[in-house]
4 protein chains.
Amino acid sequence: MGEGSDGGVVVPRTGHHGNRHGRSQRARQAVLEAVDDLLVERGFAGVTIEGIAARAGVAKQTIYRWWPSKVDILMDAFVDDMAQHLTPPDQGDLESELRTHLSRLADFLTRTDPGAVFRALAGQAQHDPDMAARFRAECLSQQRVLDSLPLRRAVERGDLPADLDLDLAVDQLVGPIYYRVLVTGQPVPPAFTDALVDRFLTRRD
Amino acid sequence: MGEGSDGGVVVPRTGHHGNRHGRSQRARQAVLEAVDDLLVERGFAGVTIEGIAARAGVAKQTIYRWWPSKVDILMDAFVDDMAQHLTPPDQGDLESELRTHLSRLADFLTRTDPGAVFRALAGQAQHDPDMAARFRAECLSQQRVLDSLPLRRAVERGDLPADLDLDLAVDQLVGPIYYRVLVTGQPVPPAFTDALVDRFLTRRD
Amino acid sequence: MGEGSDGGVVVPRTGHHGNRHGRSQRARQAVLEAVDDLLVERGFAGVTIEGIAARAGVAKQTIYRWWPSKVDILMDAFVDDMAQHLTPPDQGDLESELRTHLSRLADFLTRTDPGAVFRALAGQAQHDPDMAARFRAECLSQQRVLDSLPLRRAVERGDLPADLDLDLAVDQLVGPIYYRVLVTGQPVPPAFTDALVDRFLTRRD
Amino acid sequence: MGEGSDGGVVVPRTGHHGNRHGRSQRARQAVLEAVDDLLVERGFAGVTIEGIAARAGVAKQTIYRWWPSKVDILMDAFVDDMAQHLTPPDQGDLESELRTHLSRLADFLTRTDPGAVFRALAGQAQHDPDMAARFRAECLSQQRVLDSLPLRRAVERGDLPADLDLDLAVDQLVGPIYYRVLVTGQPVPPAFTDALVDRFLTRRD
DNA sequence: TTTTAAACGAGACGGTACGTCCTGTCTTGCT
DNA sequence: AGCAAGACAGGACGTACCGTCTCGTTTAAAA
């Protein structure tokens, strides 16, 4: 689904009201802000197309023209936010990078507004396979790349074996975090993420 | 939410139409079956109180009398099913028990109808904190006990140290499974669950 | 259209909110009053289902449950009003009765609120053959009977020949009135209706 | 509303897309044909500005530039057609001329496409006083002149008294026809129009 | 037995949001 | 300057469910 994120490509200059050169940037931004605000203020059930339209000062039809559903609006809003967070720093040291990244991930998922959007999207994905596919393609695949970055750097450095099963390793590292966030609701403190890193590295000795 | 699961206690004998002493078992069963059917056939969005009532041949009011919401009906239906599956067998051997239990869990979550109910409930829990609390209290806590059973038995047998952090261990073992099921949508074959067990046990040597 | 006007038959007693004994009289009355008010205040285009619902304090669904369209609501309202007016008095004298009836008819059509409803319905009938058929069956046929009443009484009295073409005679008498009301928009003063009566009776001498 | 009918005066040459020399005749014709087609095919409710624009291959703005509303387009289309029909022939004989004219009028109103347009316009006039005024000024006044033509010729010939109330006479002759067409929906056969003429002339003997 | 009160089926009610359609206005680039 | 194209804010449409509320019936414990 590209219409949400490529508005800047289509529109050459202005964000005025309707014209033949594509969508209004003003409307797009207003919608994305409105959807974020509504989700945080009223929860997922409080996010309605009518509510977004009213809050953004936009016509419903304008929303339907560019987004197939409210979750696609949320995904659009999420993509804008996600890249800003969660790019693991290159510290030259696997353990440090993993500790930093996992604790940041836990914080992002549990404490930030985009994290709340993520949880809502992950929730909705359970109800709608098509949406789940879009969610994975647009949001999760990028995230997955970032999650594996410390490991791939360590492999390049020779700190991890070249035949490491990356998929499995990433699942082991971040799986328990998502499990706590999405299933048990337990807190995910640094002590927990550090322990995950410890046990992941220990067995390699 | 207790009224859903204790109906059998209140009703003395029959499940015919109105009576002055407790709820109709006929109605309860019809509702639980209808909700399961609808979820599997039409997905979570296709589960509506009106639809359940029509399918079960029951009045809406009867549903509202006994369940606060459609997710509570689903939880009621889920509880009935869950216990049947997923009780790990006592095989006297940690590795075997873990392999068996984790692969059964993966199968339950991804391939069975109650698994679909679970995913729907887990999804809805992301949108509704109150419901999430009920979900954890009624469904997950039991499951959590079962998940830790092989480890606790191993501790009793002396195969695992007494000071083992059970919570962390369970999270490491089942977290990646739930992560695949709820987030990435990747399949969860026995090869994957076996690998989880391997790596969990390896470092103990 | 019968569901609108036979509510009193179906509902045995109360006008409370929903019950199994048919529709709420309170809602029905509120809708009919709202539709009349809106037509007079804002014209036909200002009559909307949403506006009626809001004004009557009624849910849209309740309106759709009982009336197929807004014109059917207007017809229902019109039927209630029409009978009150326009029953020609029995004065024992053809000329007097005709003069009275035609001038009353003209006044009804041009100066009263139900007359405005009639004009709106007659207008809509031009756009919708099905509605036109309902309109004729429910509203006009009764009116037609009243219009011919003075002539039929005169025939009974022997003041008019028994083989009089009633249809033609009524068309000649009231046709020009409706023509002015619906087509030319000219006023229809008593001088005009009296002249119609004169010319109708003159040729019989 | 004059902009619709004087286009031919302004445009000097072509009807291509945008040009700097007044309106496009191509667009005007396409719109008038589209509106006629749509009215006949889908009825008045099926006539929308968007539909006309799509069918005529014309931009909505072009329509709004030249016509204030869809009924004005219909009036424009109607004026073109009306003059062609309904000019009563000069037969030198009042009765013949009246018989011919009234039966042609009845046929025009009930059986022709322009007649359908007329009925739609007359219907809409009931809902919109401003439009009714335009309708009378642009369409009906001409028609009224034609309707009275046989009578005026007869007065000139001395076949009718010079002090004849022309308005009343015309109303008596055509009123019943319009009444049947617009109100009762009864057919208007020659037998009916002939009877109207008979009775109109009889009383003069 | 007869009474009687709780639970039942049915379904109308006031609402909210849905997704669609059309309105009339606007801006742009082409002819 | 007029045009085709089409995005825009707005608003009504008719539908689907929500959760609440009578109704009149069914039922079995209490009287």
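We name chains A, B, ... by the order of the sequence lines, and we start the count at 1 in each one.
Of the possible polar contacts, one joining the A:Lys70 side chain to the A:Phe44 backbone as a donor-acceptor pair under 3.5 Å is found. One N or O on the side chain of C:His127 and one on the backbone of D:Ala120 form a donor-acceptor pair closer than 3.5 Å.
Among residues two or more places apart in sequence or in another chain, the salt bridge (charged side-chain N to carboxylate O under 4.0 Å, His left out) test is passed with C:Arg55 by C:Asp37, C:Glu41. Residues satisfying the salt bridge (charged side-chain N to carboxylate O under 4.0 Å, His left out) test with B:Glu33, not counting sequence neighbours, are none. Under the side-chain contact (heavy atoms from CB on, under 4.5 Å) criterion, C:Gln126 pairs with D:Arg119, D:Leu182, sequence neighbours left out. When the salt bridge (charged side-chain N to carboxylate O under 4.0 Å, His left out) test is applied to A:Lys60, the partners found at least two apart in sequence or on another chain are A:Glu50. D:Thr62 meets the side-chain contact (heavy atoms from CB on, under 4.5 Å) test with D:Ala27, D:Val58, D:Ala59, D:Arg65, D:Trp66; sequence neighbours excluded.
Rounding to whole angstrom units, CD of residue A:Gln25 and C1' of E:dT28 are separated by 17 Å. One atom, NZ of D:Lys70, and another, C1' of E:dC21, lie 13 Å apart when rounded to the nearest Å. Taking atom CD of residue D:Gln29 and atom C1' of nucleotide F:dC3, one finds them 17 Å apart after rounding to whole Å. Across the protein-nucleic acid pair, B:Ile63 atom CD1 and F:dC17 atom C1' stand 12 Å apart, rounded to whole Å. One atom, CD1 of C:Ile52, and another, P of E:dG14, lie 14 Å apart when rounded to the nearest Å. Residue B:Tyr64 contributes atom OH, which lies 14 Å from atom C1' of E:dC13 at whole-angstrom precision.
Within the 4.0 Å cut-off from OP1 or OP2 of F:dG2, not a single side-chain nitrogen or oxygen of D:Arg65 is found. The shortest distance between the side-chain N/O atoms of C:Arg23 and the OP1/OP2 oxygens of E:dC13 is not below 4.0 Å. The phosphate of F:dA9 has OP1 or OP2 within less than 4.0 Å of a side-chain N or O from A:Thr62. In terms of phosphate contacts, A:Arg28 brings no side-chain nitrogen or oxygen within less than 4.0 Å of OP1 or OP2 of F:dC8.
Sorted by residue number, the list of members of residues 34-48 of chain D with any non-hydrogen atom under 4.0 Å from DNA chain F is empty.
Counting any heavy atom pair closer than 4.0 Å across all strands shown, C:Gly57 reaches sugar-phosphate atoms only and no base atom.
A donor-acceptor contact under 3.5 Å is formed by the side chain of C:Lys60 with the base of F:dG14. Counting distance only, with no hydrogens placed and no angle test, the side-chain atoms of A:Gln61 and the base atoms of E:dC21 include a donor-acceptor pair under 3.5 Å.
Of the residues near DNA chain E, B:Ala56 and D:Glu50, the one whose nearest nucleotide (by heavy atom distance) lies more toward the 5' end is B:Ala56.
Checking E:dG14, F:dC8, F:dC21 against every side-chain atom of C:Arg26, the shortest atom distance belongs to E:dG14. Relative to the side chain of D:Trp66, the nucleotides F:dC3, E:dG19, E:dG24 differ in distance, and F:dC3 lies closest. Of all nucleotides listed (E:dG14, F:dC8, F:dC13), F:dC13 comes nearest to the side chain of C:Ile49.
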